[in-house]
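Heads up: the structure comes next, in structure tokens.
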Amino acid sequence: MGNFARQVLEIVARIPEGKVTTYGVIARALGNPRGARVVVWALWSGPSGLELPYHRVVNSKGQLAPPHIFGEGVQRECLLREGVTFLPDGRVDLERHLWIPEIEEP
DNA sequence: AGCGTGACGGTCG
DNA sequence: ACGACCGCCACGC
């Protein structure tokens, strides 16, 4: 796993309960503004056993990952359980729950 | 050394 | 507002 991917996972590990962040935000925090897709790759390659809150990462519109990733409705339920609220159209209410990590890179 | 692959994001019609 | 398009970056083959 590359260095970037490791840093991605470090950030994911720090997303507070009841909060979410986005692929793009993580990429920017790591100084790679156009690296959103690499963040995706990092999540794929990350350890599945470890208790990382992968479900707290959504896209820039607040939409959840497609069902085949976590299973139908699973991601949504995890977030609901943690107190995340959704808009009528099913997107996460980013206004309230978006979490921006502190800048990492030196 | 290409080339295909994304759980993406912004821009434009 | 919404979809279609296109650029993006690291990685594995």
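Side-chain atoms are counted along with the backbone in the values below, which use heavy atoms only and exclude waters and symmetry mates. Within every chain, numbering begins at 1; the chains are lettered A, B, ... in the order of the sequence lines, protein sequences first and strands thereafter.
- For A/R6, the salt bridge (Lys or Arg N to Asp or Glu O under 4.0 Å) test picks out no residue, with sequence neighbours left out.
- Contact annotation: the side chain of A/W44 never approaches that of A/V39 to less than 4.5 Å [non-hydrogen atoms, C-beta and beyond].
- Listed by first then second residue, pairs satisfying salt bridge (charged side-chain N to carboxylate O under 4.0 Å, His left out) with a partner in residues 35-56 of chain A read A/R56-A/E82, not counting sequence neighbours.
- For DNA chain B, the span of nucleotides reached by chain A at under 4.0 Å from its heavy atoms goes, 5' to 3', from B/dG6 to B/dG9.
- Each of A/I100, A/I11, A/L94 was evaluated against A/V25; a single residue qualifies, A/I100, per the side-chain contact (heavy atoms from CB on, under 4.5 Å) test.
- Distance noted for atom P between B/dC12 and C/dC8: 15 Å (whole Å).
- Rounded to the nearest 0.5 Å, atoms CG (A/L52) and CG (A/L43) are 9.5 Å apart.
- Panel note: side chain A/T21, backbone A/W99; a donor-acceptor pair is recorded below 3.5 Å.
- The line from OG1 of A/T85 to CG of A/L79 is 10.5 Å long, rounded to the nearest 0.5 Å.
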Sequence-aligned protein contact record of nucleotides 6-13 of chain C, with B where the base is within under 4.0 Å of a protein heavy atom and S where only the sugar-phosphate is: -BBBSS--
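- Remark: the backbone N or O of A/R96 is paired with a side-chain donor or acceptor of A/K19 at under 3.5 angstrom.
- Rounded to whole Å, the separation between the P atoms of C/dC9 and B/dT11 comes to 15 Å.
- Evaluation of the side-chain contact (heavy atoms from CB on, under 4.5 Å) rule for A/N59 yields A/Y23, A/K61, A/Q63 as partners, not counting sequence neighbours.
- Ion pairing between a basic and an acidic side chain is recognised when a charged N comes within 4.0 Å of a carboxylate O; A/E17 and A/R81 show no such pairing.
- Taken residue by residue, residues 90-98 of chain A places no heavy atom nearer than 4.0 Å to DNA chain B.
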